[in-house]
S.K.: 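Following this message is one structure expressed as structure tokens.
Remember, predicted model here, so these are calculated numbers, not experimental data. Side chains are part of it too, since the values below use all heavy atoms of this structure and drop only hydrogens, waters and symmetry mates.
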Amino acid sequence: MLLSGVARAVTQHCRRTPVLTLFTKELCPLCDEAKAALEPYRHRFELQEVDITRPENRVWFDRYHQHIPVFHLNGQFLMQHRVNAALLERRLEEAQ
């Protein structure tokens, strides 16, 4: 019985934390608003920010320059413009 408890704890510890990617740029009030809206959830995902104005992110600029902020969860499009808390909550539950 002890072994199964240890195995369960190791399995839970080894689960990957979901990665939320925020496509953003400097001087973006909607992006600042989105970051503030994400704060209550920050313990549930790893946040990666992608500045679409950097030369190496040209493909993202071409795709999203009129639509930021854009959010991907684990590499898949999640939402854009504003944080949809209900959608974020549901998808984080599914990812964990």
S.K.: According to salt bridge (charged side-chain N to carboxylate O under 4.0 Å, His left out), does anything in residues 67-79 pair up with another residue at least two apart or in another chain? List the pairs.
M.R.: none
S.K.: For Lys35, what residues pass the side chain to side chain donor-acceptor pair (under 3.5 Å) criterion, not counting sequence neighbours?
M.R.: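 Here the qualifying residues are Glu49.
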S.K.: Checking Arg82 now: which residues fulfil side chain to side chain donor-acceptor pair (under 3.5 Å) with it, not counting sequence neighbours?
M.R.: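 Side chain to side chain donor-acceptor pair (under 3.5 Å) check on Arg82 returns Glu33.
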S.K.: Working to the nearest 0.5 angstrom, can you tell me the gap between Phe77 CZ and Tyr64 OH?
M.R.: 6.0 Å
S.K.: Pro69 versus Leu30: any side-chain heavy-atom pair under 4.5 Å?
M.R.: yes
S.K.: State whether the number of non-hydrogen atoms from other residues, nucleotides or ligands found under 6.0 Å of Gln76 atom CD is greater than 12.
M.R.: no
S.K.: List the atom of Asn74, the atom of Pro18, and the distance in Å for their closest heavy-atom pair.
M.R.: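 For Asn74 versus Pro18, the nearest heavy atoms are OD1-CA, 3.4 Å.
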S.K.: Just jot down the side-chain contact (heavy atoms from CB on, under 4.5 Å) partners of His67, sequence neighbours excluded, or say none.
M.R.: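 His67 satisfies side-chain contact (heavy atoms from CB on, under 4.5 Å) with Val70, Gln80, His81 only.
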S.K.: Running the 4.5 Å side-chain criterion over Ile, Leu, Val, Met, Phe, Trp and Tyr, what cluster does Leu87 land in, apart from itself?
M.R.: Leu20, Leu22, Leu38, Tyr41, Phe45, Leu47, Phe71, Leu73, Leu78, Met79, Val83, Leu88, Leu92
S.K.: Could you grab the distance from atom CZ of Arg63 to atom CD1 of Ile68, nearest 0.5 Å is fine?
M.R.: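 Answer rounded to 0.5 Å: 14.5 Å.
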S.K.: Less than 4.5 Å apart, any side-chain heavy atom of Arg90 and any of Glu93?
M.R.: no
S.K.: So do the side chains of Cys31 and Lys25 get within less than 4.5 Å of each other, counting heavy atoms only?
M.R.: no
S.K.: Which donor-acceptor pairs under 3.5 Å do the side chains of residues 50-61 make with protein atoms, sequence neighbours left out?
M.R.:
unit_1, atom_1, unit_2, atom_2, d
Asp51, OD1, Thr53, N, 2.8
Asp51, OD1, Thr53, OG1, 2.5
Asp51, OD2, Thr53, OG1, 3.4
Arg54, NE, Glu56, OE2, 2.6
Arg54, NH2, Glu56, OE2, 3.0
Asn57, ND2, Asp51, O, 2.8
Arg58, NE, Asp62, OD1, 3.1
Arg58, NH2, Asp62, OD1, 3.4

